[in-house]
Amino acid sequence: MSRTTLSRYLIEAQRDNHINADLRFLIEVVARACKAISISIGKGALSGVLGEAGSDNVQGEAQKKLDVISNEILLEANEWGGHLAAMASEEMDHPHPIPHRYPKGEYLLMFDPLDGSSNIDINVSVGTIFSVLRCPEGMEPTEQAFLQPGTQQLAAGYALYGPNTLLVLTIGQGVHCFTLDREVGSFVLTQENLRIPEDTKEFAINMSNQRFWEAPVQRYVGELLQGKEGVRGKDFNMRWVASMVADVHRILTRGGLFMYPLDSKTAEKGGKLRLLYEANPMSLIVEQAGGAATTGRQRILDLQPTQLHQRVPVVLGSKNEVERVTAYHLES
Ligand code: P6P
């Protein structure tokens with residue numbers, strides 16, 4: 001039986017009226033850009049792309065050369081096709097307008113071009129996260145147009161640059177995983193309808209922040225660490241890759257709970273992770289796979305954004321664990 005590629009999946013989704021031609025083209029262009037990013041990352045030290053770029057991004061974080069390269073690849077791939085009204089990136093202060101020489105489309109594309117880039121120089125998996133909205137009718141594609149709740153997303157996905165290069169995608173019809181066949185150059189459907197188990201024995205959090213956490217998170221993680229002698233009656237395992245894409249992909253593959261909760265270090269910024277191009281796309285993917293995603297207090301996808309680079313606390317993954325953490329917050 002012939003393999004289903006990303007192109008075939010998208011053509012069939014268009015035939016079934018789940019997406020239109022422009023959205024299909026948008027996703028194909030983003031996937032092609034992720035292939036180019038994968039190739040660039042794969043060269044590593046052999047092509048001088050490792051290390052610092054010598055500049056800071058809008059978040060005040062030192063940029064890696066590959067942060068800048070990945071951002072440029074996505075901008076250049078998407079600006080000429082006539083499918084976008086504008087783009088926004090973790091690496092840019094303001095939305096990137098489509099140059100006047102190109103036609104404009106109805107979609108808004110947001111992305112974190114290289115999530116987890118602090119792992120690049122130690123050869124640990126990193127990723128690209130993207131999210132698609134429709135530009136509101138009659139609205140200029142300025143920052144305001146991007147400030148829509150995550151429930152308005154038309155598509156979301158990530159590329160994971162690990163031992164394999166994967167593209168995980170939802171267009172609202174479940175979550176599917178495509179593996180890059182480097183010999184042919186196409187993404188091949190390798191997992192359909194990923195589902196997150198409602199229960200888990202694995203959690204992901206940066207434990208070094210423990211002294212800064214709020215009481216509900218202290219209580220919840222404390223119970224996990226007590227293991228089977230404690231109230232949970234079972235032992236738990238911990239993982240922390242410090243690449244959200246890698247941690248989320250593990251949860252999609254075998255369940256788990258990922259937390260970057262509010263803590264006294266990041267409270268004034270609203271949290272660590274960004275709403276529009278990290279939390280929202282990952283929350284849509286997680287919910288489409290039967291999981292849950294909250295700030296600890298409310299559903300992430302319901303949040304009304306107020307700023308392009310707004311940050312939020314994130315608790316996502318196996319539904320019963322997300323509900324427990326959220327209940328502890330609401331009880332406190
Ligand atoms: P910390 C990467 O910088 C990132 O945005 C996410 O990918 C990751 O989950 C988190 O930050 C890691 O944060 O504080 O452990 O370095």
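In each ligand, atom 1 is the first atom listed, and ligand 1 is the first ligand listed. We're numbering straight along the sequence, starting at 1.
Ring centers of F25 and H83: under 6.0 Å apart, within the cut-off. The distance between the ring centers of Y9 and F178 falls below 6.0 angstrom. Between Y220 and H329, the ring center distance fails the sub-6.0 Å criterion.
For residues 289-304, the side chain to side chain donor-acceptor pair (under 3.5 Å) pairs, not counting sequence neighbours, are E214-R297, E287-R299, T294-T326, R299-D302.
Residue contacts with ligand 1, taken as heavy atom pairs separated by less than 4.0 Å, involve R274 solely via side-chain atoms from C-beta onward. Neither the backbone nor the side chain of V245 comes within contact range of ligand 1; no heavy atom lies under 4.0 Å.
In summary, the atoms of ligand 1 found under 4.0 Å from a heavy atom of S243, numbered by their order in the structure, are 7 (O). Proximity to F258 (heavy-atom distance under 4.0 Å) selects the following atoms of ligand 1: 9 (O).
Looking from atom 3 (O) of ligand 1 to the surrounding protein, the closest heavy atom is K272 NZ, 4.2 Å. The protein non-hydrogen atom at the shortest distance from atom 14 (O) of ligand 1 is Y260 OH, 2.6 Å. At the top of the distance list for atom 9 (O) of ligand 1, counting protein heavy atoms only, stands M244 N, 3.4 Å. Atom 5 (O) of ligand 1 has E278 OE2, 3.4 Å as its closest protein atom, hydrogens excluded (heavy atom only).
With sequence neighbours left out, N320 forms a side chain to side chain contact (heavy atoms under 4.5 Å, CB included) with E198, D199, E323.
In the model, E321 has no side-chain atom that pairs as donor or acceptor with a side-chain atom of T200 under 3.5 Å.
Between K64 and E91 no salt bridge is recorded (no basic side-chain N to carboxylate O distance below 4.0 Å).
Under a 4.0 angstrom heavy-atom cut-off, S118 registers as lying outside contact with ligand 1.
When only interatomic distances are considered, the shortest N/O to N/O separation between N206 and ligand 1 falls below 3.5 Å.
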